[in-house]
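Some notes on the structure that comes next.
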Amino acid sequence: QLQLVESGGGLVQPGGTLRLSCVASGFSLEDFQDYPIVGWFRQAPGKARESVSCVSPSGASINYAGSVKGRFTVSRDNDKNTVYLQMNSLKPEDTATYFCAATTVRAEVCSMISEFEYRYWGQGAQVTVSS
């Protein structure tokens with residue numbers, strides 16, 4: 001079964017940079033038919049979880065929430081079973097626990113997939129932006 005682990009979180013000052021990694025294990029192309037769509041989500045204490053970004057199997061289809069567009073960049077390296085979230089120009093409101101998730105649902109555009117369709121989730125990585 002697919003397992004996901006996030007890493008790269010930490011404490012940074014406003015305007016700083018972090019890169020999160022999401023490493024998958026237990027992945028079999030013969031079982032999944034294709035590399036999965038991967039989404040990044042975040043949740044701040046007392047607030048609902050929100051979608052941050054998603055990326056298609058090939059990386060051709062990418063979506064960003066309006067709050068992070070222009071500052072965050074998602075990419076993937078399927079040979080390393082890893083998806084990245086590069087976070088630049090971080091703001092205090094970016095403070096949250098960040099999760100990566102994968103879905104076996106097939107879609108040509110990753111934004112067509114709702115968070116409820118993501119079956120596999122990582123444990124989360126804490127990102128704190130504070131001066």
Side-chain angles (χ1 to χ4, degrees):
Q1 292 292 335
L2 184 66
Q3 305 288 140
L4 303 177
V5 178
E6 304 96 336
S7 63
L11 172 64
V12 297
Q13 296 184 16
T17 296
L18 285 174
R19 188 178 75 159
L20 301 182
S21 298
C22 174
V23 180
S25 62
F27 174 77
S28 174
L29 189 59
E30 60 185 9
D31 291 336
F32 280 75
Q33 307 297 306
D34 194 4
Y35 296 100
I37 289 173
V38 174
W40 285 98
F41 302 84
R42 67 185 182 186
Q43 186 168 28
K47 296 186 177 182
R49 186 171 60 204
E50 63 176 337
S51 176
V52 175
S53 182
C54 66
V55 58
S56 67
S58 69
S61 176
I62 298 175
N63 180 260
Y64 299 100
S67 58
V68 307
K69 192 172 299 183
R71 299 187 297 118
F72 290 12
T73 303
V74 67
S75 61
R76 66 190 299 162
D77 186 339
N78 290 334
D79 290 337
K80 296 181 179 179
N81 291 327
T82 302
V83 175
Y84 305 96
L85 184 66
Q86 178 71 38
M87 303 184 293
N88 299 328
S89 302
L90 283 162
K91 304 175 180 179
E93 51 262 46
D94 295 318
T95 296
T97 301
Y98 284 71
F99 302 89
C100 65
T103 178
T104 59
V105 176
R106 307 259 61 85
E108 297 183 27
V109 180
C110 70
S111 59
M112 296 177 64
I113 305 299
S114 74
E115 66 178 280
F116 302 105
E117 296 178 274
Y118 287 86
R119 177 187 298 179
Y120 307 97
W121 291 79
Q123 83 291 341
Q126 181 64 43
V127 172
T128 302
V129 185
S130 176
S131 59

List the steps and the verdict of side-chain contact (heavy atoms from CB on, under 4.5 Å) for Q86 and T17. CA-CA 8 Å; Q86 178 71 38; T17 296; 2.9 Å; yes
Nearest heavy-atom approach of P14 to S131 is CD-N, 3.7 Å
For R49, is the CZ atom crowded, meaning more than 12 foreign heavy atoms sit under 6.0 Å from it? yes
Can you see which heavy atom on V74 is nearest to which on C54, and at what distance? CG1-O, 4.0 Å
Distance check, rounded to the nearest 0.5 Å: R76 atom CZ versus T82 atom OG1? 10.0 Å
Rounded to the nearest 0.5 Å, how far does CG of L11 lie from CD of Q126? 9.5 Å
Hey, is CD on Q1 packed in by over 12 heavy atoms from elsewhere, all under 6.0 Å? no
So, taking the atom named OG in S21 and the one named CG in L4, what distance separates them when rounded to the nearest 0.5 Å? 12.5 Å
Shortest non-hydrogen contact from L2 toward A24: CD1-CB, 3.6 Å
Taking it one step at a time, do V68 and R42 satisfy side-chain contact (heavy atoms from CB on, under 4.5 Å)? CA-CA 12 Å; V68 307; R42 67 185 182 186; 3.9 Å; yes
What orientation do W121 and F99 show, parallel under 30°, tilted 30 to 60°, or perpendicular over 60°? perpendicular
Heavy atoms of S56 and C110 approach each other most closely as N-CB, 4.1 Å
Value for CG (L85) from SG (C100), rounded to nearest 0.5 Å, stands at 10.0 Å
Taking V105 as the starting point, is it possible to reach I37 by hopping between hydrophobic residues whose side chains are less than 4.5 Å apart? yes
Ring centroid separation for Y64 and F72, is it under 6.0 angstrom? no
Restricting to non-hydrogen atoms, name the atom on A125 and the atom on L20 that form the minimum distance, rounded to 0.1 Å. CB-CD2, 4.4 Å
How are the rings of F41 and Y118 set to each other: parallel, tilted or perpendicular (split at 30° and 60°)? perpendicular
Go through the steps to decide whether M87 and D94 satisfy the test side-chain contact (heavy atoms from CB on, under 4.5 Å), and finish with yes or no. CA-CA 9 Å; M87 303 184 293; D94 295 318; over 6 Å; no
Counting N and O atoms only, with roles assigned by atom type, does the side chain of S89 sit under 3.5 Å from a partner on the main chain of R71, one being a donor and the other an acceptor? no
Should V83 and S75 count as side-chain neighbours, where that means a heavy-atom distance under 4.5 Å? no
What heavy-atom pair brings A107 and I113 nearest, and what distance separates the two atoms? CB-CD1, 3.6 Å
Are Y84 and D77 side-chain neighbours, meaning at least one heavy-atom pair lies under 4.5 Å? yes
One should read off an interatomic distance between N78 CG and L29 CG, to the nearest 0.5 angstrom, of 9.0 Å
Reported CD1-to-OG distance for the pair I62 and S53, which is rounded to 0.5 angstrom: 7.0 Å
Is the backbone of E6 close enough, under 3.5 Å, to the side chain of Q123 for a donor and an acceptor to pair up by distance? yes
Test side-chain contact (heavy atoms from CB on, under 4.5 Å) applied to T104 and Y120, step by step: CA-CA 9 Å; T104 59; Y120 307 97; 4.0 Å; yes
